Protein chains: 2
Amino acid sequence: MDNQQKDTEIKILDAAKEVFQQKGMTGARMQEIADKAGINKSLLHYYYRSKEKLFEKVFNMAVSIFIPKMLEIMLSEKPLFEKLEFFINNYIDLLTKHPYIPGFVINELNRNPQFLLNIFEKNVQIKEKKLFERVDVQIQEEVKKGILNPIDTRHLITNVIALVVFPMVARPIIQGVMFENDKKQYDSFLKERKAFVLSFVINSIKV
Amino acid sequence: MDNQQKDTEIKILDAAKEVFQQKGMTGARMQEIADKAGINKSLLHYYYRSKEKLFEKVFNMAVSIFIPKMLEIMLSEKPLFEKLEFFINNYIDLLTKHPYIPGFVINELNRNPQFLLNIFEKNVQIKEKKLFERVDVQIQEEVKKGILNPIDTRHLITNVIALVVFPMVARPIIQGVMFENDKKQYDSFLKERKAFVLSFVINSIKV
DNA sequence: ATTTGGTTTAACCATTTGGTCAAATTTAAA
DNA sequence: TTTAAATTTGACCAAATGGTTAAACCAAAT
């Protein structure tokens with residue numbers, strides 16, 4: 001049945017996702033993925049010819065979870081403060097749902113810096129530059145209007161992403177050192193951050 | 001000679017550092033480390049009985065680069081704004097000198113969240129809690145004095161570290177997407193951040 | 001000159017790992 | 001029912017990998 005096939009493929013991808021995200025490309029074992037998917041190792045190679053192909057697929061899937069929302073928000077016509085609010089809320093939620101992805105991505109960034117860029121450009125295509133330019137234009141307009149203090153768009157974007165993503169990436173340290181490794185406390189800390197980060201950023205840039 | 005011995009050990013640690021930081025624990029190969037150190041693989045095992053022992057040593061060295069300065073700054077008697085300035089300046093410098101370390105650390109965080117915590121606690125020892133408390137007390141005092149707006153110390157610390165560390169960790173993406181992958185531009189971007197991050201943070205928390 | 005201790009090497013080894021292949025099984029079509 | 005195609009499996013393989021060992025080497029002390 002086609003259903004069986006889909007099932008197998010889904011089981012493989014789920015298992016691969018789990019193993020790759022936790023152990024990285026080099027740490028992952030095809031055997032472990034096969035076991036976790038409840039199938040034979042040969043079947044794994046039947047569906048994905050090599051470890052690399054499988055990894056690429058999983059990596060692509062991971063990255064694409066985050067791109068559409070970003071595009072949607074950045075391309076929308078809202079004023080900057082609203083965009084910020086949307087971005088921060090949506091991404092903290094998204095990251096809470098997929099906590100392993102940022103570490104996973106950063107992991108592979110070290111190993112192969114070009115790889116992600118290719119994927120990124122494939123997903124964002126030509127818009128990439130226009131994207132940045134659009135946000136830049138908007139920000140500089142709001143500066144002229146006197147809503148914002150003069151600010152460098154690149155630094156601002158970097159800061160917002162840093163404030164949202166870093167607490168997920170560094171969770172084990174922060175949770176350990178500042179929250180006595182209490183998972184629940186850290187979860188509510190992350191929830192608090194939605195409001196906190198937003199006002200932190202706005203405070204800093206508003207006139 | 002003792003000199004020869006030191007030489008070999010240094011060569012080993014340098015090579016190991018390079019390979020581990022770029023490829024992670026699982027991606028690194030003992031043979032590659034030996035080659036890069038210009039020695040035999042057996043000699044590697046003579047100095048460090050196993051890959052794990054060698055890795056632990058390298059990891060420890062990496063982490064300890066960042067801890068003393070942090071302690072020094074946090075334990076000093078300066079007012080908060082000066083502490084912030086010191087921290088941001090020193091850490092952006094330190095990270096520029098050791099750009100691979102944050103990614104390296106985060107890498108291993110996924111694989112073994114407990115490992116870093118142990119090292120951290122070994123280095124920071126009992127002070128750990130007192131450290132946080134001290135900063136907290138100072139901040140809440142300055143809030144009372146009316147220098148700062150009311151603020152959660154944990155969020156503030158998280159934010160500052162995020163703003164400083166994240167641009168190093170995510171360098172390949174940010175440099176690629178926002179700087180057309182131009183290394184020099186990104187280097188000056190990092191330098192600019194010293195002033196930018198400081199005023200960004202202070203703007204946000206000052207009354 | 002000989003012994004002694006640490007250092008370095010080459011040759012090996014057992015295990016793991018990604019990957020293959022031919023046969024068996026299942027599914028869908030004729 | 002037969003046939004053809006896709007799916008799944010178990011047995012197997014070559015290469016890579018971390019690690020061992022016994023012997024060679026070498027500097028310094030006796």
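Reckoned from all heavy atoms, side chains included, excluding hydrogens, waters and symmetry mates. Note that the structure is a prediction, hence the values are computed from the model and not measured. Per chain, numbering begins at 1; letters A, B, ... match sequence-line order.
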Query raised in the report: Can you say whether the rings of B:F200 and B:F196 are parallel (under 30°), tilted (30 to 60°) or perpendicular (over 60°)?
Result: parallel

Query raised in the report: How does protein reach along nucleotides 17-22 of chain C, written 5' to 3' as B (base within reach of a heavy atom under 4.0 Å), S (only sugar-phosphate), or - (no contact)?
Result: SBBBB-

Query raised in the report: Are A:Y46 and D:dT7 close enough that a side-chain N or O sits under 4.0 Å from OP1 or OP2?
Result: yes

Query raised in the report: Is the shortest side-chain N/O distance from A:Y47 to OP1 or OP2 of D:dT8 below 4.0 Å?
Result: yes

Show which side-chain atoms of residues 155-169 of chain A pair as donor or acceptor with protein atoms under 3.5 Å away, not counting sequence neighbours.
{"from": "A:H155", "atom 1": "ND1", "to": "B:R193", "atom 2": "NH1", "distance (Å)": "3.2"}
{"from": "A:H155", "atom 1": "NE2", "to": "B:E192", "atom 2": "OE1", "distance (Å)": "2.8"}
{"from": "A:T158", "atom 1": "OG1", "to": "A:R154", "atom 2": "O", "distance (Å)": "2.8"}
{"from": "A:N159", "atom 1": "OD1", "to": "B:R193", "atom 2": "NH1", "distance (Å)": "3.1"}
{"from": "A:N159", "atom 1": "OD1", "to": "B:R193", "atom 2": "NH2", "distance (Å)": "2.5"}

Could you state the atom-to-atom distance from [atom1] of [X] to [atom2] of [N] in whole Å?
{"X": "B:I33", "N": "D:dG19", "atom1": "CD1", "atom2": "P", "result": "11 Å"}
{"X": "A:L44", "N": "D:dG10", "atom1": "CG", "atom2": "C1'", "result": "16 Å"}
{"X": "B:L54", "N": "D:dG19", "atom1": "CG", "atom2": "C1'", "result": "14 Å"}
{"X": "B:D7", "N": "C:dG6", "atom1": "CG", "atom2": "P", "result": "20 Å"}
{"X": "A:I39", "N": "D:dA6", "atom1": "CD1", "atom2": "P", "result": "19 Å"}
{"X": "B:Y48", "N": "C:dT7", "atom1": "OH", "atom2": "C1'", "result": "15 Å"}

Query - For DNA chain D, stems built from three or more consecutive Watson-Crick or G-U wobble pairs below 3.5 Å - result: C:1-30 with D:1-30

If the threshold is 4.0 Å, N to carboxylate O, is there a salt bridge linking [X] and [Y]?
{"X": "B:D93", "Y": "B:K194", "answer": "yes"}
{"X": "B:R111", "Y": "B:E108", "answer": "yes"}
{"X": "B:K78", "Y": "B:E85", "answer": "no"}

**Report entry** Worked check of ring pair (Phe, Tyr, Trp, His ring centres under 6.0 Å) between A:F20 and A:F104
**Finding:** CA-CA 8 Å; A:F20 276 133; A:F104 176 54; 7.2 Å; no

**Report entry** Pairwise side-chain contact, B:L54 with B:Y47, heavy-atom cut-off 4.5 Å (strictly under)
**Finding:** no

Query raised in the report: Strictly under 6.0 Å, is that where the ring centroids of B:Y91 and B:F87 end up?
Result: yes

Query raised in the report: Given A:F81, which of A:L148, A:L198, A:V201 fulfils the side-chain contact (heavy atoms from CB on, under 4.5 Å) condition?
Result: A:L148

